[in-house]
Amino acid sequence: MTAILEVEGISRSFGGVRAVDGVTLQLLPGEIVGLIGPNGAGKTTLVNLMTGVLRPSSGVVRFSGRDVTRQKPHQASQRGIARTFQIVQPFPEMTVLENVAAGALFAAKAPTIAAAKAQARRHIDFAGLGALAEQRASALTLPDRKRLELAKSIAMNPRVLLLDEVNAGLNSGEIDSALDLIRRISAQGVTILIIEHLMKVVFSLSHRILVLHHGALISEGTPDAVARDERVIEAYLGTRFAERQRRTGHG
Amino acid sequence: MMDRMPARDRIGFILVGLGAIAFALTPWIGGNYLVRFTTSTCLFITMALSWNFIGGYARYPSFATAAFFGLGAYAGAIAQTRGLAMPGAWLFAAVFTAIFAASLGSVILRLRGHYFAVGSFAIVEILRLGASSWHGLTGGGSGLNVPILPGGPDFASRVFLYSMLALALVTFAAAIWVDRSSLGFGLRCIRQNESAASMLGIDVDRLKIIAFVFSATFVGAGGAIYASWVSYIDPTDSFQILLTIKVPVMVLLGGAGTLFGPLIGVLAFQVLEERIWSSFLEIHSGVLGLVIVVLVFCLPGGLLAVPYRDMFGRLSFLRRETVP
Amino acid sequence: MIDLQVILNGVVLGGLYACVAVGFSLVWGVLNVINLLHGSLIVLGAYLAYLAFTALGLHPFLSLPLVATLLLAFGYLLQRHVLNHVMTEPVLVTLVLTFGLDLLLYNALVLGFTATPRRIVLDLGRIEIADVVLPVDRLAAMLLALALTGLLYCLLRGSRLGRAIVAVRMDRDAAILMGIRPRDVYAVTFGIGALMAGAAGCLIAVVFPFSPGLAETLLGKSFVVCVLGGLGTVPGALAGGLALGLIESVFGVWLGPQNASIIAFAVLLLVLLVRPAGLVGRAGFE
């Protein structure tokens, strides 16, 4: 199976700091892949490189086999690569409906604004925001804004969805709702890459997990395998802890 | 489409239609002064509607209006002195200004906020100084004479009235189109969050340039018509700083980023200025300044955004948010 | 090669321009407000110095502290009670507001002093070294300008107030967390901007003939200095002022004063596009 989105040897530096260091990864169609790593590991930078927000200093980005390394963000969106932001970015003056319609109009190329709004209604209902369609985005609560963000990205008819810390700031119940929505999106055939800090979320959702540390991929595999991987333990909890783990024979 | 239009818009269009008819009838309603006043009002309407594309919908604070006006004036004037007939010269000026805006826009629209404002303003200065220096082409500081339209003053004043009115109507039609189209929608997204807009598939650079060209073309044509109208232009008159600031103020007065806001703003401003000129000649600038200050405080969204119903209950400026 | 006289003229001019622009630059850098009143404030300072000279016989260099203090108070009150209310509005609104206020001030100046150009003539002679001629009044004005600019630099670096101002410029939210009240800092900064404008006005009155119309020209120069040198810092204003002075002097001789202005604005545009932070500065607000 060919990857739908892949990066090969991708690197990006800021000044002297290597934010992303020679990362190679593939997203296969229909997967849910989790991307974890300590703060500052370079996860968001990686997503920015995949979506054309940043240019890599070296390496290639491919979408369905095509080289898209030099794409601009709007081109990535029109191709079918959607992403959400850690800090939600709605259009505050517009209603929920208009926000979602924007995605349908410009990325999914709906023929008219009216058609885009019709499509948007479906996506809004899918995301569970039906009652709030005419509300201004600035008036929404945080969990609803996160839903809006998801609804906007679905409206773009994406083939790949990159979720960046979509659960930050949500309580346990809200997280469960968000997870349910993500599972339903995946069921529609969308490939998902989810960046998360909450291990229980990422482990329960993902088919596969990638671990990023200091900009490099240090581990890759099923949730269980990654949880037991020494290098991962070391990255998160420190060398001494890993050392102790080894000596006491845990893991 | 007419029956799905909100009532407010329908009233607006009817009023615009009535207004256009009234303007067209001014040669028979009043004297020369009224005709001249109406002609320049039409010019301001064109400029306000144009500025609205880049400054209202996209909220890029452009001070380039005088640059486009002056460029159009000189392009039209020079074309006419070289033998081109009036309508041809006007069209030439419009196209020339559009091309200029497209090239300039591709470079200057990378700037944001204050820097964009300063950059756009610098263009006005550069063009003014350039026109002053380039004697051979523009007549330099002595200005340029444009052949007067034959047929007598009454005929001429009517020609220019109807030309400016037609231009204003064409610009308004363009504004209606932009407001309803995905271009307008996209500009509104850009205004609120440019990077999010880009992520949603909006080709931000392209839309901004298109808006900038829209903001220039009709203004350029207006400048050319103006040059033919007054028969003499010079750099200071054509690239006026006051003009380039007045136009955004007019739009802010009426309501930036809306379809009817610029119209209301121009009418209100013109009437105000007319009253001020006739009553306060010596302190004209000062009163204008005072009006602007009051406007900024009391009408943050322009006349269109005033919640007229609850205005009598509260004074909006007392609720204004201040710095901690 | 370009002769020494031209370069020296440029340097003297540059020193004056630095003083003219530094207040404008500070306000822009710290408050994120383009103060379109700035030119008129300078001219106001010039007129006050002129009045003191003609009515009281007070030497402009002596009336300078007085004029500066008056303008400090004026600026502080203006920001605190008028401008402060629109600090959260978009760029265009603050620009339009300061424009309106400038119209008011300009009209007042015209009414009060008429449009006749004035100048304070201090007959101090000239210095001639080698082939270079330097009028002493210009030299004195420039040295004073530099001294004042230097004083401002020390204030910003050395005093608590100065450091509060710099803190707000660098990171407003962090400054709030440190217990600094931006509202007070803004008012003082604007006041200092007006103070420097007034001081510059006193010096201008000695060097150039001035009238209300000069305000616009000085504002334009301040813009260019800011963009060339970078916002909100004294070294920036010095670098920008010097650059502008030299550009005007060199190109003025070569191409004529009008074309020199074109060059100056063209350089402004170029710098905006290539290095918006200016020669010396850090990236300012947008």
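Protein chains get the first letters and strands the later ones, always in sequence-line order, with residue 1 at the start of each. Heavy-atom basis, side chains included; hydrogens, waters and symmetry copies ignored. Keep in mind that this is a model prediction, so the values were computed, not measured.
Put simply, the side chain of C/Phe265 does not reach to within 4.5 Å of the side chain of B/Val124, judged on heavy atoms. In this structure the side chain of C/Leu95 reaches within 4.5 angstrom of the side chain of B/Phe63, judged on heavy atoms.
Heavy-atom distances place both the backbone and the side chain of B/Leu129 under 4.5 Å from chain C. Neither the backbone nor the side chain of C/Val224 comes within less than 4.5 Å of any heavy atom in chain B. Interface remark: C/Leu268 contributes side-chain atoms only to the contact with chain B (heavy atom separation under 4.5 Å). For C/Leu269, the part lying under 4.5 angstrom from a heavy atom of chain B is the side chain only.
Listed by chain and residue number, C/Tyr76, C/Arg183, C/Asp184, C/Ala187 satisfy the side chain to side chain contact (heavy atoms under 4.5 Å, CB included) test with C/Arg80 (two or more places apart in sequence, or in another chain).
Taking the six-membered ring where tryptophan is involved, the planes of B/Phe297 and C/His85 are perpendicular, since the angle between them exceeds 60° and thus also 30°.
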- [ ] Go through B/Tyr60 and C/Leu92 one step at a time and tell me if the side chain to side chain contact (heavy atoms under 4.5 Å, CB included) criterion holds.
- [x] CA-CA 9 Å; B/Tyr60 266 67; C/Leu92 201 63; over 6 Å; no
TODO: Give the C-alpha distance, both sets of side-chain angles, the deciding distance and a yes or no for side chain to side chain contact (heavy atoms under 4.5 Å, CB included) between B/Ile241 and C/Phe99.
DONE: CA-CA 11 Å; B/Ile241 296 178; C/Phe99 175 70; 5.7 Å; no
Task: From CA spacing to verdict: side chain to side chain contact (heavy atoms under 4.5 Å, CB included), C/Leu97, B/Val293 - done: CA-CA 6 Å; C/Leu97 178 60; B/Val293 172; 3.9 Å; yes
Report all side-chain donor-acceptor pairs from residues 33-44 of chain C shorter than 3.5 Å, counting only partners two or more places apart or in another chain.
residue: C/Asn35; atom: OD1; partner: C/Leu37; partner atom: N; Å: 3.1
residue: C/His38; atom: NE2; partner: C/Val20; partner atom: O; Å: 2.7
residue: C/Ser40; atom: OG; partner: C/Asp102; partner atom: OD1; Å: 2.4

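When the candidates B/Ser133, B/Ala122, B/Gly141, B/Pro61 are compared by the number of heavy-atom contacts under 4.5 Å with chain C, B/Ser133 comes out ahead.
Put simply, OG on B/Ser285 and CG on C/Leu105 are 11.5 Å apart, with the number rounded to the nearest 0.5 Å.
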